[in-house]
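To start, the structure under review is shown below, and the notes come after it.
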Number of protein chains: 2
Amino acid sequence: MARASVEAERKEQILAAACEVVSEIGFKSLRIADVAKRAGTSTGTVHYYFDTKRDLMHAAFDWNFEQSMGRRREILESDAAPRQRLRDFVESYLPEGDATIAAWHVWAELWVEALHDPDLQELNERVYGEWRRAVAAIIRDGQDAGEFRDGDAVIFANGLIGMIDGLSLQVLLGSRSMTADRMRAVCEQVLEWFFLTP
Amino acid sequence: MARASVEAERKEQILAAACEVVSEIGFKSLRIADVAKRAGTSTGTVHYYFDTKRDLMHAAFDWNFEQSMGRRREILESDAAPRQRLRDFVESYLPEGDATIAAWHVWAELWVEALHDPDLQELNERVYGEWRRAVAAIIRDGQDAGEFRDGDAVIFANGLIGMIDGLSLQVLLGSRSMTADRMRAVCEQVLEWFFLTP
DNA sequence: CGGTCGATTGACTGACCAGTCAATCATTCG
DNA sequence: CGAATGATTGACTGGTCAGTCAATCGACCG
């Protein structure tokens, strides 16, 4: 059964292609034919692995998240000081560099699609939960170490993540008043207030 | 030329209908026929006033913003204390109540559409600029009155607005962990840190 | 070698919908 | 009244595309 690997490999190709296309032209404009072309295959093959466009996109959104999380595993599992870990985490989400920007684009498309799709809301909930837990854990570590301000870690985490999402959107929109550098400055300022300077 | 008023009135009907439909089913699923039906007219009439779907949606996004701003004029121009004005402003953006939620939906659709449409990016830039100026002005008032923490008012404004955007998205997505009430709590906490308690 | 079956292809179809247009209606004005 | 012009209608068209399918390929095995 050497062919079992073909399925996984081909699916991965197609999902990566789907994410690239979504990031470049948006979900609304995406055609199965675009994905097939990008994946170097035919529309028939795309449909062989994913019954409907909706199935394909759900899988692609899921895959996009797994990839993003994978890229950050190192930071989250690092044993650096809480301050550094939180700084690294925030830095890694700044919409800079092709991979990060593309992942943000896909993520933004998911949000809007999810407004009218309970299954995607579920995916968002799961993913957002992972973020929140990861950030809250760092914050609790920092509080235990006396490095961070006291207060409800979950509220801090929600505020920080929300801010990152909102600012990233503006950066992605090419705002002249909110560039990645300016976003970095805002985030650093917020972290500064949050860190206790003994 | 009594008929000049017809144009404005009909356009308004159509734009309002377009926003309702976008908010209910999303831009991607919106059909001109849906808008026509909602406005109580025909597809022909919609096309009589708006050449293309794109024209219609741009005008609708614009209209949605004007309406939102209109609903907040009272707060922004109030002569209440800066603390109260900032609280009222934040409160008015919580995704609660049909009108506010619908406006947020439309706004979210604009964001994603704008990722691939420079004209809409321009609209976002204009609108976001107005927000930022309004909030920064309140913050400066508060700082001058010695009620708010010192620091760059623009950075504060950007951070606060970004956070509101990001949190609102999660609320709109029906997140169990981010309800309007929880968002209110996060915002209040942030404002609390920001206000000086003499 | 020839049979089996997973994988791949792309032409095709049926549904959908933005935008057009010829016809009709309504208001104004000479 | 009866033209002229603005407003409205909805049937229709042309193009688009998701999903289907019959044909083909090619790896593996007996």
Side-chain angles (χ1 to χ4, degrees), chain A residues 1-61 63 106 109-110 112-113 116-117 119-120, chain B residues 1-22 24-61 63 109-110 112-113 116-117 119-120:
Chain A
M1 191 61 82
R3 282 187 262 176
S5 71
V6 172
E7 176 168 343
E9 196 184 330
R10 192 72 68 248
K11 276 193 170 182
E12 184 108 356
Q13 262 176 28
I14 294 171
L15 292 174
C19 287
E20 285 172 31
V21 174
V22 167
S23 142
E24 281 167 25
I25 66 173
F27 189 8
K28 196 171 63 82
S29 314
L30 174 146
R31 317 279 165 242
I32 297 286
D34 299 330
V35 176
K37 192 171 188 184
R38 178 63 63 109
T41 182
S42 66
T43 61
T45 296
V46 173
H47 274 108
Y48 182 76
Y49 289 103
F50 302 94
D51 282 354
T52 64
K53 187 177 172 180
R54 187 164 180 274
D55 287 349
L56 169 63
M57 289 314 303
H58 281 225
F61 286 138
W63 188 81
V106 175
E109 299 278 346
L110 175 142
V112 167
E113 193 58 19
H116 311 285
D117 182 335
D119 289 351
L120 289 179
Chain B
M1 191 61 82
R3 282 187 258 175
S5 71
V6 172
E7 176 169 342
E9 196 183 329
R10 191 73 68 248
K11 275 192 169 181
E12 184 108 357
Q13 262 178 28
I14 295 171
L15 292 174
C19 286
E20 284 171 33
V21 174
V22 167
E24 281 167 25
I25 66 174
F27 188 8
K28 196 171 65 81
S29 314
L30 174 145
R31 318 276 164 245
I32 296 287
D34 300 329
V35 176
K37 193 171 189 183
R38 178 64 62 106
T41 181
S42 66
T43 61
T45 295
V46 173
H47 274 107
Y48 182 76
Y49 289 103
F50 301 94
D51 283 354
T52 66
K53 188 177 171 180
R54 189 164 180 273
D55 287 350
L56 169 63
M57 289 314 304
H58 280 226
F61 285 138
W63 187 81
E109 298 278 347
L110 175 140
V112 168
E113 193 58 19
H116 311 286
D117 182 335
D119 289 353
L120 289 179

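Keep in mind that what you see is a predicted model, and the values were worked out from it rather than measured. Only this structure's heavy atoms are used, side chains among them; waters, hydrogens and symmetry mates stay out. Per chain, numbering begins at 1; letters A, B, ... match sequence-line order.
For B:T52, the listed nucleotide lying nearest its side chain is C:dG19; candidates were C:dG10, C:dT8, C:dG19. Relative to the side chain of B:H47, the nucleotides D:dA18, D:dT8, C:dA18 differ in distance, and C:dA18 lies closest. Residue B:S42 places its side chain closer to D:dG10 than to any other of D:dG10, C:dT9, C:dA11. Which of D:dT8, C:dT9, C:dT8 sits closest to the side chain of A:Y49 comes down to C:dT8.
Contact between the side-chain N/O atoms of A:T45 and the OP1/OP2 oxygens of C:dT9 is found at a separation under 4.0 Å. Contact check, A:Y48 against D:dG19: no side-chain N or O comes under 4.0 Å of OP1 or OP2. A sub-4.0 Å separation between OP1 or OP2 of C:dA18 and a side-chain N or O of B:R54 is absent. A:T43 has no side-chain polar atom (N or O) that falls below the 4.0 Å cut-off from OP1 or OP2 of D:dC17.
Rounding to whole angstrom units, CZ of residue B:R10 and P of D:dG6 are separated by 16 Å. In this structure, A:R31 atom CZ and C:dG10 atom C1' are separated by 19 Å, rounded to whole Å. If you take NZ of A:K37 and P of C:dG10, they are 12 Å apart, rounded to a whole angstrom. When rounded to the nearest whole Å, the span between CE of B:M57 and P of C:dG19 equals 13 Å. If you take NZ of A:K28 and P of D:dT16, they are 15 Å apart, rounded to a whole angstrom. Nucleotide C:dA18 holds its C1' atom 12 Å from the CZ atom of B:F27, rounded to whole Å. Between B:E7 atom CD and D:dT5 atom C1' there is a gap of 14 Å when expressed in whole angstrom units. When the C1' atom of D:dA18 is taken as reference, atom NZ of A:K53 falls 8 Å away, rounded to whole Å.
Residue A:L30 is in sugar-phosphate contact alone, with no base atom involved, counting any heavy-atom pair closer than 4.0 Å across all strands shown. Nucleic acid contact for B:F50: none, since no nucleic acid atom lies under 4.0 Å from a heavy atom of the residue.
The heavy-atom pair separating A:A39 from A:I14 by the smallest distance is CB-CA, 4.2 Å. Between B:D119 and B:D117 the shortest heavy-atom distance is N-OD1, 2.9 Å. Smallest separation of non-hydrogen atoms from B:F50 and B:K11: CZ-CG, 4.0 Å.
Atom NZ of A:K37 sits in a sparse spot, with 12 or fewer heavy atoms from other residues, nucleotides or ligands closer than 6.0 Å.
One finds the OG1 atom of B:T41 at 6.5 Å from the CZ atom of B:R10 (value rounded to the nearest 0.5 Å).
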